[in-house]
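Working notes, beginning with the structure itself.
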Amino acid sequence: MQAAARTRATLCRLDEIPDGTARGFVVETGEPDNRQRLDLFVHRSGETIVAYRNSCPHQGTPLELVPDRFMTRDRKRFLCTTHGAQFRLHDGLCTTGPCKGKYLTPLIVERDGGTLLLVIPD
């Protein structure tokens, strides 16, 4: 039995995300008569890319109040600016704040040459 093809959405080129930073995206998913919005962000550390839904596990609010400001000042953690929760970069675990012990929801990003593609979740 053959696996179903996965739907992908083009996000940007890798070099459009400066090393050590994160960038937010909004992707429309679903059929034309049933569109849904997927808010996410992508973090780059050298050639390593991680992506998460832009939704704090505490109350579901976006992490950033200012576009693309997902990081603490020292750039060692992601920060939910609503309630101060902080999350590890590599796995999205909340280490400080009201959702301590919970995780950001990871997403899959693939590369096609220098272009980043989001694998649309089922």
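All values derive from a computational prediction rather than experimental measurement.
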Inset, instruction - Go through the structure and list residues passing side chain to side chain contact (heavy atoms under 4.5 Å, CB included) with I49, not counting sequence neighbours. - result: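 Checked I49 against side chain to side chain contact (heavy atoms under 4.5 Å, CB included); matches are L14, V42, R44, V109, R111, L116.
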Just to verify, what does R73 make a side chain to side chain contact (heavy atoms under 4.5 Å, CB included) with, not counting sequence neighbours?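 Expected list: none.
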Tell me if a side-chain donor or acceptor on D68 pairs with a main-chain N or O of R23 at a distance below 3.5 Å.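 Answer holds: no.
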- May I ask you to decide if L89's main-chain N or O and Y52's side chain share a donor-acceptor pair within less than 3.5 Å?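 Answer holds: yes.
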Checklist line | Residues which pass ring-ring contact (aromatic ring centres under 6.0 Å, His included) with F70, listed by chain and number, not counting sequence neighbours | finding: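 By the ring-ring contact (aromatic ring centres under 6.0 Å, His included) rule, F70 matches F41.
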Could you grab the distance from atom [atom1] of [X] to atom [atom2] of [Y], nearest 0.5 Å is fine?
X    : Y    : atom1 : atom2 : result
L93  : K100 : CG    : NZ    : 9.5 Å
D112 : R13  : CG    : CZ    : 10.0 Å
E28  : R37  : CD    : CZ    : 7.5 Å
L104 : C56  : CG    : SG    : 7.0 Å
D39  : R53  : CG    : CZ    : 9.5 Å

ILVMFWY cluster, L117 and I120 together (side-chain gap under 4.5 Å): no
**Q.** Heavy-atom pair with the smallest gap, counting every atom of A9 and V27
**A.**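 Residues A9 and V27, closest heavy atoms: CB-CG1, 3.7 Å.
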Smallest heavy-atom separation, L107 atom then P121 atom, equals CD2-CG, 3.9 Å
Around R69, counting heavy atoms of other residues, nucleotides and ligands shown, do more than 12 lie under 6.0 Å from its CZ?
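No.
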* Asked: Are V50 and D91 close enough, and set up right, to give a side chain to side chain contact (heavy atoms under 4.5 Å, CB included), and what steps lead you there?
  -> CA-CA 8 Å; V50 294; D91 64 1; over 6 Å; no
Note to self: For R75 and T21: C-alpha separation, side-chain torsions, deciding distance, then whether side chain to side chain contact (heavy atoms under 4.5 Å, CB included) applies.
What the structure shows: CA-CA 7 Å; R75 293 187 177 178; T21 68; 3.7 Å; yes
Quiz item: Between I17 and C12, does a side chain to side chain contact (heavy atoms under 4.5 Å, CB included) hold up when you go through it step by step?
Solution: CA-CA 8 Å; I17 304 175; C12 68; 3.9 Å; yes
Sorted by chain and number, sequence neighbours left out, side chain to side chain donor-acceptor pair (under 3.5 Å) with D19 holds for none
Salt bridge (Lys or Arg N to Asp or Glu O under 4.0 Å) filter on D33, not counting sequence neighbours, yields none
Result block: side-chain N/O donor-acceptor pairs under 3.5 angstrom for residues 76-86, not counting sequence neighbours:
unit_1, atom_1, unit_2, atom_2, d
T81, OG1, L63, O, 2.9
T81, OG1, L65, N, 3.3
H83, ND1, H58, ND1, 3.2

